[in-house]
Trainee: 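Structure provided below as structure tokens; questions to follow.
Below, each value reflects all heavy atoms present in this structure, side chains not excepted, and no hydrogens, waters or symmetry copies. None of the values given here were measured: they were computed from a predicted structure.
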Amino acid sequence: MTKGNSTKITDELYAYMLDHNPPLDAVQRDLVETTYATFPDYAGMQSAQEQGPLLAFLVRLTGARHIVEVGTFTGFSALSMAQALPEDGRLIACDVSEEWTAYGKEAWTRAGVASRIDLRIAPAVDTLRAMPAEPHIDLAYVDADKGNYIAYWEELVPRMRQGGLIVADNVLFHGEVVDPSASGSAAAIQKFNDHVAADQRMESVLLAISDGLTLSRKR
């Protein structure tokens, strides 16, 4: 195997990258900082700062009007995607926590996009199964409990329109996916990555962005 790029992402290089990406607006920045201050033990669940502009870019690139997010936490990723939607676009946000998502709801209102977001507090598998079965989703973002990634995938794929995009986060799981003795969430992500790679319904690429991001396009 030939490794084509050996660039190490130092703190200085990471800051440089952020400086050359679209900056977070005041509401986004406040939500990120509030999340770290309020939930320091769980703040790692928040999508990385550079993923906000990336998700917004993908919304615009695909012309998405109907988005599904599986795993919302305090709402940064939903905020970023909703801001990129047209006024009549809709994002269904799936989560199980009223406490965490309350911070998102406040930020969505401040940003003027609350009307575009339909927050559904319930197990995400149940929410997905209750959606129309025909292909209608333009973009889906999966960033929830790793043990259910395959279940989420199997509910989403048939509902994606042709050319629709599924974005799955944490697919490198802190580097633990290469551990043959991995267990728990790392083992679940290993199985998910193999499942995605073998699924001929989708065209997928796994990228070393943040903790690993897979982009999958419906054939």
Side-chain angles (χ1 to χ4, degrees), residues 7-95 97-119 138-144 165-174 205-215:
T7 303
K8 304 296 183 184
I9 305 299
T10 62
D11 289 347
E12 182 181 22
L13 194 57
Y14 184 72
Y16 178 89
M17 176 188 69
L18 294 181
D19 285 344
H20 288 77
N21 272 338
L24 301 188
D25 63 29
V27 178
Q28 291 174 328
R29 171 61 60 194
D30 182 63
L31 181 57
V32 168
E33 293 177 354
T34 298
T35 298
Y36 275 90
T38 309
F39 304 108
D41 294 335
Y42 298 98
M45 293 168 56
Q46 182 172 248
S47 295
Q49 180 173 325
E50 66 271 21
Q51 287 176 269
L54 174 60
L55 289 169
F57 181 84
L58 292 174
V59 172
R60 297 187 183 101
L61 184 67
T62 59
R65 304 178 76 85
H66 187 177
I67 299 173
V68 173
E69 176 179 73
V70 180
T72 296
F73 189 41
T74 57
F76 171 63
S77 51
L79 172 61
S80 300
M81 290 187 286
Q83 288 175 310
L85 278 170
E87 288 190 11
D88 62 346
R90 293 293 178 268
L91 185 155
I92 296 175
C94 308
D95 207 281
S97 173
E98 293 274 11
E99 179 186 11
W100 289 339
T101 56
Y103 290 84
K105 290 168 69 176
E106 181 181 356
W108 304 336
T109 298
R110 288 175 55 204
V113 296
S115 63
R116 302 177 193 174
I117 302 175
D118 177 3
L119 175 62
D138 300 313
L139 189 149
Y141 181 48
V142 181
D143 185 16
L165 189 67
I166 299 178
V167 182
D169 198 15
N170 302 118
V171 293
L172 294 180
F173 204 75
H174 318 301
V205 291
L206 193 159
L207 303 170
I209 296 172
S210 189
D211 190 31
L213 207 64
T214 291
L215 306 183

Trainee: Run the side-chain contact (heavy atoms from CB on, under 4.5 Å) test against E33 and tell me which residues pass, sequence neighbours left out.
Mentor: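 Here the qualifying residues are R29.
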Trainee: Any idea which heavy atoms bring P86 and R65 closest together, and the distance?
Mentor: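 The pair with the smallest heavy-atom distance is CG-NH1, 3.8 Å.
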Trainee: Might you point out which heavy atoms bring D143 and S47 nearest each other, and give the distance in Å?
Mentor: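 Smallest heavy-atom distance, with atoms named: OD2-OG, 3.4 Å.
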Trainee: If you draw a 6.0 Å radius around CG in D11, do more than 12 non-hydrogen atoms from other residues or ligands fall strictly inside?
Mentor: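 Not buried by this count: 12 neighbours or fewer within 6.0 Å.
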Trainee: If you compare all heavy atoms of T72 against all heavy atoms of A93, which two are closest, and at what distance to 0.1 Å?
Mentor: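 In this case the closest contact between T72 and A93 is OG1-CB, 3.3 Å.
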Trainee: T101 side chain to G104 main-chain N or O, any donor-acceptor pair under 3.5 Å?
Mentor: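 Between the backbone of G104 and the side chain of T101 there is no qualifying donor-acceptor contact (under 3.5 Å).
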Trainee: Does the E106 side chain pair with the main chain of Y103, one donor and one acceptor, at a distance under 3.5 Å?
Mentor: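 Not at all, since once roles are kept as given, no pair shorter than 3.5 Å links the two residues.
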Trainee: Do Q28 and S80 touch side chain to side chain, with heavy atoms closer than 4.5 Å?
Mentor: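 Q28 reaches S80 side chain to side chain.
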Trainee: In Å and rounded to the nearest 0.5 Å, what is the CD to CD1 distance from E69 to I92?
Mentor: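 Rounded to the nearest 0.5 Å, the CD-CD1 separation comes to 11.5 Å.
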Trainee: Is the backbone N or O of A78 less than 3.5 Å from a side-chain atom of W108, with the two atoms forming a donor-acceptor pair by type?
Mentor: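 Checking the backbone N and O of A78 against the side chain of W108, no donor-acceptor pair under 3.5 Å is found.
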Trainee: Check each of I166, L54, L206, L165 against L215 using the side chain to side chain contact (heavy atoms under 4.5 Å, CB included) test, and report the only one that passes.
Mentor: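 The passing option is L165.
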Trainee: Using ring-ring contact (aromatic ring centres under 6.0 Å, His included) as the criterion, list what pairs up with Y36, not counting sequence neighbours.
Mentor: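 ring-ring contact (aromatic ring centres under 6.0 Å, His included) list for Y36, sorted by chain: empty.
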Trainee: Do the non-hydrogen side-chain atoms of R110 and L31 ever get within less than 4.5 Å of each other?
Mentor: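 Contact flag for R110/L31 side chains = no.
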Trainee: Could you give the distance from CE (M81) to CZ (F76), rounded to the nearest 0.5 Å?
Mentor: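 That separation rounds to 10.0 Å.
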Trainee: Would you compute the distance between atom CG of L61 and atom CG of L55 and round it to the nearest 0.5 angstrom?
Mentor: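 Taking CG in L61 and CG in L55, the distance rounds to 12.5 Å.
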Trainee: Under 3.5 Å, is there a donor-acceptor pair between the side chain of R116 and the main chain of L85?
Mentor: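 Here the side-chain-to-backbone pair exists.
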Trainee: Are any side-chain N or O atoms of Q46 and backbone N or O atoms of A43, one a donor and one an acceptor, separated by less than 3.5 Å?
Mentor: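 Flag not set: sc Q46 to bb A43 has no pair under 3.5 Å.
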Trainee: Over all heavy atoms of both residues, which pair between T109 and A114 is shortest? Give the atoms and the distance, please.
Mentor: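 Closest approach of T109 to A114: OG1-CB, 3.8 Å.
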Trainee: Hey, is the main chain of L172 close enough, under 3.5 Å, to the side chain of D211 for a donor-acceptor pair?
Mentor: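 No.
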Trainee: Please report the closest heavy-atom contact between D95 and G71, naming both atoms and the distance.
Mentor: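 That would be OD2-C, 3.8 Å.
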Trainee: Output the distance between atom CG (L58) and atom CD1 (I67), rounded to the nearest 0.5 Å.
Mentor: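 It comes to 9.5 Å.
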Trainee: Locate the shortest heavy-atom distance separating L79 from A111; write the atom from each residue and the value.
Mentor: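 Shortest heavy-atom separation between L79 and A111 comes out as CD1-CB, 3.5 Å.
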Trainee: What residues form a side-chain contact (heavy atoms from CB on, under 4.5 Å) with E99, not counting sequence neighbours?
Mentor: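 Counting only residues at least two positions away or on another chain, E99 forms a side-chain contact (heavy atoms from CB on, under 4.5 Å) with F39, S97.
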Trainee: Mind running side chain to side chain contact (heavy atoms under 4.5 Å, CB included) on E50 and Y14 for me, showing each step along the way?
Mentor: CA-CA 9 Å; E50 66 271 21; Y14 184 72; 2.5 Å; yes
Trainee: If you define the side chain from C-beta out and look only at heavy atoms, does anything of L24 sit under 4.5 Å from P53?
Mentor: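 The answer is yes; the side chains approach within 4.5 Å.
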Trainee: Decide whether Q83 and D25 meet the rule of one side-chain donor and one side-chain acceptor closer than 3.5 Å.
Mentor: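 Looking only at side-chain atoms, D25 and Q83 do form a donor-acceptor pair, the distance falling under 3.5 Å.
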Trainee: Rounded to the nearest 0.5 Å, how far apart are CG of L213 and CD of Q51?
Mentor: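 Between atom CG of L213 and atom CD of Q51 there are 5.5 Å.
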